[in-house]
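Quick caveat: nothing in here was measured; it's all calculated off a predicted structure. Convention: sequence-line order gives letters A, B, ...; per-chain numbering from 1.
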Amino acid sequence: MTPSNDQRPTTNDQPMAKAYEPRTTEDRVYRFWETRGYFKGRIPEPGSAVAARDPFCIIMPPPNVTGELHVGHALTDTVEDILIRWHRMLGDPTLWVPGVDHAGIATQNVVEKQLAKEGISRHDLGRDEFEKRVWQWVGRYRPIISNQHRRLGASADWSSEVFTLDDTPQRAVRTTFKKMFDDGLIYRGERLINWCPRCRTALSDLEVEHDEQQGNLWYIRYPVVDGAHADGSPRLTGEHITVATTRPETYVGDVAVAVNPRDERYTSWVGRTVMLPVIQREIPVLADEAIEMEFGTGAVKVTPGHDPTDFEIGQRHGLRIVNVMNDDATLNDEAGPYAGMDRYEARMTMLRDLEELHYLEKTEPHTMQIGTCSRCHTVVEPLMSWQWFVNMGPLAKPGIAVVREGRIKFVPERFERIYLNWMENIRDWCVSRQLWWGHRIPVWYSTDEDGDKIIVTLPAEWAPDHVAQAPGNVAKAPSNMAQASSPAERTPGDSQPGTAVPHEGSPAGTAVPHERSPAGRTVPHSGAGPHPPAVATYNELRASGVSHETILRYGTWSGVGATPIVSIETPERSPAGGGHLLQETDVLDTWFSSGLWPFSTLGWPEQTAELKYWYPTSVMETGYDIIFLWVSRMIMLGLYNLGEIPYSTVYLHGTVRNEHGQRMSKSLGTGIDPLEVIEKYGADALRYTLITSSGPGNDMKLSEQRVEMGRNFANKLWNVTRFVISMIGDTKVAPFDIDALVSANRQPPTTSLPVEDRWILSRVEGLARSVDEQMRKFELGEAARQVYEFVWSEFADWYIEIAKVRVRGATAEGTREAVAAEDSPLPVLAYVLERSLRLLHPFMPFVTEELWQALTSKLDGIDQDALIVAAYPRGESGYADAAAEREMELLIDVVRAIRNIRAEKKVEPGKFIEAYVAADGARGVLEAGALYIEMLSRARPLHIVGDISQAPKDQVATAVLEGVTAVVPLAGLFDTAAERARLGKLIADAEAEAGRIDAKLRNEQFRAKAPAKVVAAEEERLAAVRARLDGLRAGLAELG
RNA sequence: GGGCGGUUGGCUCAGCUGGUAGAGCGCUUCCUUCACACGGAAGAGGUCACAGGUUCGAGUCCUGUACCGCCCACCA
């Protein structure tokens, strides 16, 4: 390695290995690119040539810091890197911004799992300490992740890397929140939300998965009540109404029974009163359209506090809401004797009780969709809770318009409808999360003004004794500390048990205060554990001696009824002066910051030069599974904040599955580690495989076998180049100059170049045009396949084989001379190979750069320093030589025909055999290619005759092609019967084909309606098949 | 309950605007000759899920059916 060269990926004085070794190449090549600064997204100088070109910018979907990258990320990187490298080579100003996502709930969960291994919970650490632990996690995984991108070859601008919790995104989040709040798009409200009892946080609708589960439909009798006995006890009529439910444990929250108003079975029941068994609550029977008469008994228990449909029924009929559950899915005191039980334990206990009292009529098996937490797969509970929401309607409107108007295009197109359908039915977005990791909501409450409205939950150990015990469910989630002392989660299928703290004493029987919520409804509270937390107003706690610092450090609070102070900057003191400020303890849904990603990465809310130049970005490439979660929100928030679309194209890839079609999952061990694949096969092999394994929007199965194909191709390329370099030897070669050729002579120079040169040049220019077309259509896999096909099946299999003959001739065998030096194939060989490397570079960057460096060190007139910045071929020379392509095909067919005969007759591979070929009107072509036919099919002497009748007729095998007949005398090897059989089969095939074409041509309709071009082609084809048939029949006749 | 995607040789998949069915792997036969056995040569193998329809012509367009998968949806 020479000192001046140490930045080069390849040194010229080392002999190339026999096989490509990705491991000794990739890191070195990547370092070469990176240190040379090729990845840097540069804003062009005004007035410069590049300034006229459209910038091309991709913001990378930031992977979660939860762990290492999986193959799905590898696909993302591959697609995006291909687009980026392609545009870079096209000469466009190019920027690819990498980033990492803090991934709130996901990361919090993995760190909590880690803590669990140490036997502690996040509550043992407290919020600050816990956040430190998460930051440690981030510090560990961020470098791993960026290293993995590098291993994949991602040519991202690392100087622009962003983390979602960096200052700028933080500012973007706060700015957006404030703007939305001021615009009335963000509000705080008490709604029925999805609650994960294990994660102990609210979830948006999109974070709930609907799994089909086998459950039961239980039929429960509610006795009819008519007035009361003298002692006040309800007077039962002996009748009952039966309701069917899948969730009997919520019956304690029932406030009515509903039937369909048109249901004649129940007409007389409406308005009567029934009683809930055991807990003896009296509730009305009412009529509501939402009830399906066919389902169950047609009578439904109405539980507005725990079911969205029932909530709406409740709203329509002014029913109160009874919340019967704690935040850990144990029942609260509304459940009477069942209080304190886990929801499933309560279910079973209730069913036993009901059965005993003959209130359980029957049980039927029933399959149903059940909502589970997308993070931990615990069954979610619909719970009433105070949360922050975004009113999406006004945001969706422009988001719909830009797609309708075609300003944003989806690839594949079909996802547009899916997007639009969701956007048109959009619902408000619950954005607050009861987590510790994330963007904390930029809302503060003033203890001065609202000290009586700020409800603080303090863990028992910090609670003063005389403060009221344990009201749990204040408004939103109760204290996080309270959760630490709750029973371990027992949900089936939940692999991660909750934080297990010994359960002392019974929570049942705790006095339960009720609090009036601002909405005017009574919200029940519950005691959730043995050491109930204190729940009190800020002022009460302070009055009982708890310091502000203690509240700040250990408390959780919410300002129901308080005036929120929404601010971008953290306010120093309350506006009224003097008092303290308490910031909302909730954080925002991770996807809130993700939605700002296309511009927060570019500096927004500052009007940076980067933002001005690169925004709107070009392509958003991501998985179709996050169209709603992410894509839609970026579009809406981009339009909202900047008044401009975030990108003009959304390219969606599918899900990568393993070879058995399973989703990749770390916990199931069904994942494929991209680094392992890279270690074994190389990054280029993985990339090639990923991009060719399926089209846009379609899922794919990735198998090792398939990666082998990519590896083999890289190796093929390696050896092709190795061979070309060895042929070039010590004297530099100037690659063929196609531009000079074409500009000097618009017509293909049919005479000055040998047919194989004109053929391969025509093919490679055509390939470049085709690849360009495919790339523009985002058919990246098809583009890659085409280059593969060209390099292997045309360039390597034929052009190189012919070039060998041209250079070496057949002198060893003593009959012909090698071609003269001025007819050397080297310029064309070098040109075509160099073009091929360029075409392939976006797909297989490492091996192509390595080879390009090695090759161009042997070439004159290459003006770029590196392939990564070399111009991408687009076939702009326009060179095309149809005649050469036809002629070359003919030569190839002749070689194949003779080889076929040799193989069938089991002629020794190396042995030369005599052959006769005749072509009507193409004799010149055969003569020009005679040496190649001879050498490639080992046919010698090769007789080119005017008419095949001049060939011997005895003991010969005949091959008839379009316009060419070959006859191979096979004395000694000949088997008449075998030859007859061989010809017989060929004749039968040809006859069938001729029959088909003939029938088509006899069809008057076809002649009348098909385009003349198609008819002519069919006629030509028929003539050719018939000629072939004649030749074959003649051959057969000769056999006697 | 809606919607979408898939169903092409043994396996995994291409086949983009309708005009002679392709690839890789696997399989058969042969070849370790001076780029490559991560290779070369020759070959076998497909009623393009099924049923209709449009068309001169359909794997490709339309309708329906069947399986498989996914998404959305408040039938308790």
Side-chain angles (χ1 to χ4, degrees), chain A residues 16 18-20 210 217 243-247 250 258 290-292 294-297 299-303 307-313 366 368-369 382 412 414-415 417-418 421-422 425 624-625 627-628 654-655 659 661 681 685 689 692-695 697-703 705-706 708-727 773-774 777-779 781-782 785 788-789 793 796-797 800-801 804 808 812 896 899-904 906-910 936-937 993 996-997 1000 1003-1011 1013-1015 1017-1018 1021 1025:
Chain A
M16 289 173 73
K18 197 172 171 186
Y20 173 54
H210 296 275
L217 200 52
V243 298
T245 181
T246 56
R247 305 200 51 203
T250 63
I291 310 306
E292 298 278 334
E294 293 74 32
F295 192 88
T297 60
V300 181
K301 62 193 273 304
V302 180
T303 322
D307 182 278
T309 312
D310 292 4
F311 177 79
E312 283 172 21
I313 295 173
H366 181 68
M368 56 189 170
Q369 296 286 315
R414 65 182 139 93
F415 289 111
R417 282 182 53 205
I418 293 171
N421 183 51
W422 187 78
N425 297 294
Y624 65 73
D625 52 330
I627 293 175
F628 309 143
T655 308
E659 58 192 311
Y681 299 99
T689 306
T692 55
S693 286
S694 101
N698 289 336
D699 293 354
M700 72 178 81
K701 288 181 211 170
L702 183 69
S703 69
Q705 246 184 12
R706 218 169 149 116
E708 277 182 27
M709 176 184 173
R711 177 203 54 184
N712 294 353
F713 183 45
N715 188 243
K716 186 73 181 183
L717 209 57
W718 177 267
N719 277 291
V720 163
T721 308
R722 184 158 78 106
F723 177 67
V724 171
I725 286 172
S726 77
M727 278 185 113
E773 198 184 317
Q774 299 299 338
K777 288 193 294 185
F778 291 94
E779 293 284 351
E782 182 55 26
R785 271 188 292 272
Y788 175 101
E789 187 64 21
S793 306
D797 285 355
I800 286 183
E801 290 306 313
K804 283 181 190 171
R808 293 177 191 151
R896 286 203 170 124
R899 282 175 176 174
N900 174 285
I901 290 171
R902 296 178 60 109
E904 294 222 0
K906 309 225 184 300
V907 177
E908 281 170 58
L936 298 181
S937 64
E993 198 183 346
R996 256 182 287 125
I997 304 168
K1000 196 185 229 181
N1003 185 333
E1004 287 303 318
Q1005 296 288 321
F1006 174 70
R1007 286 191 168 279
K1009 297 189 178 171
K1013 206 175 76 182
V1014 173
V1015 177
E1018 290 296 315
R1021 232 181 100 207
V1025 174

Next item on the list: Could I get the full list of salt bridge (Lys or Arg N to Asp or Glu O under 4.0 Å) partners for Lys804(A), not counting sequence neighbours?
Entry: Glu801(A)
Next item on the list: Please map the stems of RNA chain B, keeping only stretches of three or more Watson-Crick or G-U wobble pairs with both distances under 3.5 angstrom.
Entry: B:1-7 with B:66-72, B:10-13 with B:22-25, B:27-31 with B:39-43, B:49-53 with B:61-65
Margin query: With a 4.0 Å cut-off on N to O distance, would you call Arg1007(A) and Glu1004(A) a salt bridge?
Written below: no
Notebook entry, point to check: What distance, rounded to whole Å, do you find between the two P atoms, one in G57(B) and one in G18(B)?
Noted result: 15 Å
Next item on the list: Give Ser693(A) one of three labels, base, sugar-phosphate or nothing, depending on what nucleic acid heavy atoms sit under 4.0 Å from its own.
Entry: sugar-phosphate
Note to self: Among residues at least two apart in sequence or on other chains, which ones pass ring pair (Phe, Tyr, Trp, His ring centres under 6.0 Å) with Phe713(A)?
What the structure shows: Tyr688(A), Tyr788(A)
Checklist line | Gap in Å between the two C1' atoms, one belonging to C48(B) and one to U8(B), rounded | finding: 4 Å
Check: Closest heavy-atom contact between Ala258(A) and Val302(A)?
Finding: CB-CG2, 3.6 Å
Item checked: hbond_proxy Lys18(A) side chain to C36(B) base (donor-acceptor, 3.5 Å cutoff) -> no
Item checked: Set of ring pair (Phe, Tyr, Trp, His ring centres under 6.0 Å) partners for Phe415(A), sequence neighbours left out -> Tyr624(A)
Check: Say you pick atom C1' in C25(B) and the same atom in C38(B); how far apart are they, in whole Å?
Finding: 13 Å
Item checked: Rounded P spacing from A66(B) to C50(B) in Å -> 16 Å
Item checked: Length of the CG-C1' vector between Leu936(A) and A42(B), whole Å -> 15 Å
Checklist line | Residues forming a side-chain hydrogen bond (donor to acceptor under 3.5 Å, both in side chains) with Arg722(A), sequence neighbours excluded | finding: Asn719(A)
Next item on the list: Only counting residues at least two apart or in another chain, list the ones meeting salt bridge (Lys or Arg N to Asp or Glu O under 4.0 Å) with Asp307(A).
Entry: none
Check: Using a cut-off of 4.0 Å between protein heavy atoms and nucleotide atoms, how would you tag nucleotides 67-76 of chain B 5' to 3' with B, S and -?
Finding: ----SSBBBB
Next item on the list: Check the distance between C34(B)'s P and Met727(A)'s CE and give it to me in whole angstrom.
Entry: 15 Å
Checklist line | Residues which pass side-chain hydrogen bond (donor to acceptor under 3.5 Å, both in side chains) with Lys1009(A), listed by chain and number, not counting sequence neighbours | finding: Gln1005(A)
Next item on the list: Return the set of residues passing salt bridge (Lys or Arg N to Asp or Glu O under 4.0 Å) with Glu993(A) (not counting sequence neighbours), or none when no residue passes.
Entry: Arg1021(A), Arg1028(A)
Notebook entry, point to check: Using atom P of each nucleotide, how far apart are A23(B) and G15(B) to the nearest Å?
Noted result: 15 Å
Next item on the list: Could you give the distance separating U29(B) and C36(B) at their C1' atoms, to the nearest angstrom?
Entry: 22 Å
Next item on the list: In whole angstrom, give the distance that lies between atom CZ of Phe723(A) and atom P of G39(B).
Entry: 17 Å
Item checked: Between P of A42(B) and CZ of Arg899(A), the distance in whole Å -> 5 Å
Next item on the list: Answer with base, sugar-phosphate or nothing: what part of the nucleic acid does Glu801(A) contact at a heavy-atom distance below 4.0 Å?
Entry: base
Next item on the list: Could you list the residues that satisfy ring pair (Phe, Tyr, Trp, His ring centres under 6.0 Å) with Phe295(A), not counting sequence neighbours?
Entry: His366(A)
Margin query: Evaluate Lys701(A) against Ser693(A) for side chain to side chain donor-acceptor pair (under 3.5 Å), listing each step before the verdict.
Written below: CA-CA 8 Å; Lys701(A) 288 181 211 170; Ser693(A) 286; over 6 Å; no
Notebook entry, point to check: Which whole number of Å gives the distance between the C1' atom of C61(B) and that of C56(B)?
Noted result: 16 Å
Item checked: Integer angstrom distance from the P of A51(B) to that of G59(B) -> 13 Å
Next item on the list: Determine the contact category for Arg711(A): base if any of its heavy atoms lies under 4.0 Å from a base atom, sugar-phosphate if only primed atoms, P, OP1 or OP2 are that close, otherwise nothing.
Entry: base
Checklist line | Any donor-acceptor N/O pair under 3.5 Å between A35(B) base and Lys804(A) side chain | finding: yes
Notebook entry, point to check: Taking the side chain of Arg896(A) as its heavy atoms from C-beta onward, which of A42(B), G39(B), C38(B) lies nearest to it?
Noted result: A42(B)
Polar atom pairs (N or O), protein with nucleotides 21-26 of chain B, under 3.5 Å:
from   : atom 1 : to        : atom 2 : distance (Å)
C25(B) : O2'    : Gln705(A) : OE1    : 2.9
C25(B) : O2'    : Gln705(A) : NE2    : 2.8

Notebook entry, point to check: What's the closest nucleotide to the Asn719(A) side chain, out of A14(B), U12(B), A35(B)?
Noted result: A35(B)
Next item on the list: With sequence neighbours left out, write down each residue that passes salt bridge (Lys or Arg N to Asp or Glu O under 4.0 Å) with Arg247(A), or none if nothing qualifies.
Entry: Glu249(A), Glu381(A)
Next item on the list: Take the protein atom CG of Asn1003(A) and the nucleotide atom P of U55(B), then report the distance between them rounded to whole Å.
Entry: 13 Å
Checklist line | Touch class at under 4.0 angstrom, heavy-atom based, for Glu908(A) against every strand present | finding: nothing
Note to self: Any base atoms under 4.0 Å from Pro1011(A), or only sugar-phosphate, or nothing? Heavy atoms, all strands.
What the structure shows: base
Notebook entry, point to check: U54(B) P sits how many Å from Gln1005(A) CD, rounded?
Noted result: 13 Å
